[in-house]
Amino acid sequence: MNELVLSNVPLWAVLVSLVAAGLILLLDKQPNIREAVTMVAAVIKFTLVLSMLPTVLAGGVVEATPLYIAKDIALQFRVDAFGLLFALLASGLWIVTSVYSIGYMRSLNYGHETGYFASFAVCLSAAMGIAMSGNLLTFFIFYEILTIATYPLVIHRRNSEAVIGGREYMVYLLVAGQVLLIAVAWAHYLAPGVGFTPGGFLADTGASLLALQILFVLFIIGVGVKAAIIPLHGWLPTAMVAPTPVSALLHAVAVVKAGAFAVVRVTGFVFGPELMAELQVGTILAWFAAVTIIFASLRALSEDHLKRRLAYSTVSQLSYVVLGAALATPAAILGAMFHIVAHAFMKITLFFCAGAIYATSHKEYISQLDGLGRKMPFTFGAFTVASLAITGMPLMIGFISKWNLGVGAVEAGQPVFIAVLVGSAILNTAYFFPIVYRAYFGKPQEEAAHAGQQAAHDHHGHYADHGEARPAMLYPLLITATMAFLLGILPNLGLHFWDLANMAVDEVVKGGLWLAGRG
Amino acid sequence: MNAHLPILIIVIPLVAGMLAPLLAFFSAPMARGVVLASALAVFAGSVAALLRVLEMGHPWSYYLAGWPPPWGIEYVIDPLSGVMVTLVSFFAVLALDFAGPYLAGRSAREKGAFYALFMLTAGGLLGMCATGDLFNLFVFLEICSLAAYALIAAGGRRSVVAALRYLIIGSVAACMYLLGIGYVYVMTGSLNMGDLTILLPPLLDSPAGILAVVLIATGLAIKTALFPLHGWLPDTYSYTPAPVLAFIAAITTKVSAYALYRIFYFVAETAGPVSATLEVLGWLAAAGILFGSLMAIAQRDFWRMLAYSSVGQVAYIVLGLAIGNSLALIGAVLHIISHAVVKGLLFFIAGSVKWQTGIRTIPEFIGMARHMPLTMGAFLVAAMSMIGLPPAIGFFSKWYLVLGAVEAGRWVFVAVLIISSLLTAVYFFRVIEFAYLKGKRPEDVPEAAVLPPKTGPELPARMLVPILVLSVGAVVLGILNEPLIQNVIQYALPWRLP
């Protein structure tokens, strides 16, 4: 049994950025102090989350129940290994992203940045809440807050493209939220007041198989939109109209990972591997994930807009997590959990690079990138590292999760999914390496422009003589790229992501065995 | 003094209302002061009465002039009516406060008339909540309705037509209710609610009983604006002066829903004709929820949009009554509070926007977020609550309704609640897009129509304070809904719950 530590640290970790959001709104007129608030809040939040690491590594669970949020249901924070993994990841990367944001927003001069930083802080609160919530209603509340708080970020540019993007985002996510609400209410009716339990808690509720199957579908639709499982993925490429730091942290780490995280929570901690096997829903979900992996990769191939290509790549990579959760064998779950970390580092680097390129040169299409690698060597170096990692090259972070997913597929007796993983790796190579190739070996466009299309590129003239990106953008992306490499060799480095994932898998598997033994 | 609280909270506003024109004749500020002070006193009295009842643990009966029922009239404060009178008196205070700038520049006579009618309306509503007598409820229903017709008619030429229409339909409703309790009186010989809890249930399953139930239900359903009997509401809400409207929209339909709840669940019991009637009302409510939301989407006028939204939201309460298990009833009572707070807030916002900029139609809202940032911030909170997004209170009332529907196996109602949330999101996001997205401008709106960023204070403090209080309240009540249920609402459930 886990040692239970009662402490309000999780609550403070959630609240710190909410308070920061309030301060940011008040400091509308003083941008420097406003940004300082963001940085301080990010550091405090990370420290708070980090302070729970020793307890959790020692096999403990940190729990806080500040109040009852509804009749018979507590607002419960319960930090287990899996929750801490996500919380550490999101809060750690928030620090890096905040630095990057400041550089990016000041390069581009959008104006009205107060709302941007405030919404960002609220998003992080919500992500912490999702990571650390101990029951479904608490989880749902933060899940919806995350949906709402992201909306102002998506429409940040306030042009018609952003409005349409925001609309599409809201339609997808609100519908999903309402579907999830039915699922949460139903689960609460079946098992009143039960929190997330490793190995699931719905097995002994006496509900019929059909009812549980429908419930599973409702849950997966509810969380699957954020996890962008095909056919629920449409909002993600559209949401790329948001400023790049938003795409980087929210559409590669916090928001979409909240969906992927939720898929694992639902499969591992609500239904549990045993019940999923009984319901025979895992394989179907796994096939949806497989289709998503392949289809989104193919779609990425034909996308010339850099951020949209990255978005489709995200859609594809998120389904690795879904695939692992659906196969539900120990290695597969381990791969799924670690891929949440792995993909975060890889994709945030790629987005940082895309943003740095855009802010420095105003180029957002891949066909414009010819020769840019020589002007921005560090940015493209980082891009290359992250691309290699995403394709799953050994010694890089992406390899670890893919390897475990592959082992998991064999364990589940469905080695066909290995073919999916391999196919995806090939496709990843096919859509990332042309970018790297163009950047380093392509003929710079400015020279080509002399050949006659001067007018078309005139508005880029201002950016013609640029070098590397600003330090505030460059350092963050170098840090995340380095991490993507180092964690590939030493997956436990610093934050013990690997140990946490292993512990979480043990809990799920043991919980399942315990249930099976009882049944 | 304290022993007479149940009658004082009704008499004070009635007396203040009658004094107001006289006082205004001498000095308008004095009339205003007296009216506001009496409203505050009633609010304090209501809170005190509610707290005392919760402490006592049983309903607080008050026999008017010492005559015990069935000869005299009984007033009963129990946790449910305590909540209702607190809600009514709270909104009376807010609306009076908000009305200050609205009335500036009106003649003393007009002010006096306004205060008189307003306090009569409030007194009537308070009486409806506190009475323990079916006929007395009718009397108070007429007091508040008649005063409300006159208040509504004060909004200008078109409001006169709306008020006349409301008067005709409202009188029909009151007649039906009166006829219904007439049958009850003939059957049982009593109109005291306490007596009827024993006398009425065995007699209900008779032709007269069925007729009584149906007539009472129809009368109150009209007053609640339950689809398809909602016809009076959109016009009325569109042309009423804003302070009155915020009060009426927040309170009157809810008090009628309360009367329905009181009579069907406390006086009668949910069996035989009552449960059949509730079933019908439930399906009407489900249709009304969808109809109201769809019609709200179709409106260009902000006020009319909110009016149709009310048609949908009030039906949530009736739906909760129709589902009828304890979770759904908790949801219904919580939604009475939730919708009162939020719809009151929204009409305060609509009124302030109109007062400050003259704008009513939604496409004109471009730039509003910069012109009136705090007001529109409050609007965001209200929109969240109406859509049912956590942590606003609207989410939690919906949560209990959904939970109740799931428990009862009423999946159609679950679907209706969920779909309604999404439709509500559609019409609120339209306003948000216009108000917040400065870059987007339809072709037919000239550049000059974009509101400039605000300079100076956006609203007089007396108008801004109610808006801010309610918007903070919507979130605080949401987060603290469990203590509210644990300490108050669970005692407002009928004792005969199946």
Side-chain angles (χ1 to χ4, degrees), chain A residues 25 28 66-75 111-112 115 126 129 137-149 151-152 155-164 166-167 169-171 173-190 192 211 214-215 218, chain B residues 326-327 330-331 334 369-370 373 377 380 383-384 387-392 395-409 411 414-415 417-426 428-430 432-434 436-442 478-486 489-490:
Chain A
L25 285 177
D28 188 18
L67 80 165
Y68 272 72
I69 193 70
K71 194 173 177 302
D72 304 331
I73 309 174
L75 183 74
H112 58 272
L137 185 62
T138 312
F139 169 82
F140 177 78
I141 288 171
F142 287 107
Y143 194 81
E144 288 290 84
I145 292 176
L146 184 59
T147 300
I148 309 157
Y151 177 70
I155 58 165
H156 187 77
R157 282 191 183 175
R158 311 283 162 93
N159 52 22
S160 58
E161 193 194 354
V163 171
I164 292 166
R167 227 178 258 173
Y169 169 81
M170 264 317 191
V171 169
L173 289 179
L174 281 180
V175 172
Q178 295 305 313
V179 174
L180 185 59
L181 174 65
I182 302 179
V184 171
W186 195 353
H188 174 71
Y189 166 65
L190 291 176
I214 296 173
L215 182 57
L218 290 176
Chain B
S326 68
L327 282 167
I330 287 174
L334 197 63
R370 302 189 142 211
L380 292 183
M384 272 177 65
I387 298 169
L389 296 174
F395 167 72
F396 292 99
S397 53
K398 195 179 76 178
W399 164 256
Y400 295 114
L401 289 171
V402 168
L403 218 50
V406 168
E407 193 184 283
W411 293 101
V414 175
L417 289 167
I418 295 304
I419 292 169
S420 161
S421 278
L422 297 172
L423 296 174
T424 310
V426 172
F428 275 105
F429 265 95
R430 203 163 43 121
I432 292 172
E433 279 185 5
F434 276 112
Y436 276 85
L437 305 182
K438 57 172 184 178
K440 184 169 177 274
R441 190 163 57 81
I479 292 172
L480 298 181
N481 76 86
E482 200 272 346
L484 186 68
I485 289 168
Q486 208 60 34
I489 293 179
Q490 69 155 328

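We name chains A, B, ... by the order of the sequence lines, and we start the count at 1 in each one.
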Looking only at atom types and distance, does a side-chain atom of B:Y400 sit under 3.5 Å from a main-chain N or O of A:K71, one as donor and one as acceptor? yes
Residue pair B:W399 / A:F140, side-chain heavy-atom distance below 4.5 Å: no
Above 12 or not: heavy atoms from other molecules or residues under 6.0 Å from CZ of B:F429? yes
With chain A, which of B:S421, B:A415, B:G388 has the greatest number of heavy-atom pairs at distances under 4.5 Å? B:S421
Please look at A:L137 and chain B and tell me whether the side chain, the backbone, both or neither of the residue comes under 4.5 angstrom of a heavy atom of that chain. side chain
By a 4.5 Å heavy-atom criterion (distance strictly below it), what part of B:I330 contacts chain A: side chain, backbone, both, or neither? side chain
Side chain, backbone, both or neither: which part of A:I73 has a non-hydrogen atom closer than 4.5 Å to chain B? side chain
If you take all heavy atoms of B:P483 and A:Y68, which pair is closest and at what distance? CD-O, 4.4 Å
Counting heavy-atom pairs under 4.5 angstrom with chain A, the leader among B:V426, B:I479, B:L380 is B:I479
A:I182 versus B:W411: any side-chain heavy-atom pair under 4.5 Å? yes
Heavy-atom distance under 4.5 Å to chain B: side chain of A:I148, backbone, both or neither? side chain
Taking A:D72, A:V184, A:V171 one by one, which has the highest count of heavy-atom pairs under 4.5 Å against chain B? A:V184
For B:N481 versus A:I69, what's the shortest heavy-atom pair and its separation? ND2-O, 2.6 Å
Looking at every non-hydrogen atom in both residues, tell me the closest pair between B:L403 and A:A185 and how far apart they are. CD1-O, 3.4 Å
Looking at the rings of A:Y151 and B:Y436, which for Trp means the six-membered one, are their centres under 6.0 Å apart? no
Do B:E433 and A:I155 have side chains that approach each other closer than 4.5 Å (heavy atoms only, starting at C-beta)? no
Tell me the closest heavy-atom pair linking B:L389 and A:E144, and the distance in Å. CD2-OE2, 3.3 Å
For B:P390 and A:I145, which heavy atoms make the closest approach, and how far apart are they? O-CG1, 3.9 Å
Given a strict heavy-atom distance threshold of 4.5 Å, which part of B:I418 is in contact with chain A: side chain, backbone, both, or neither? both
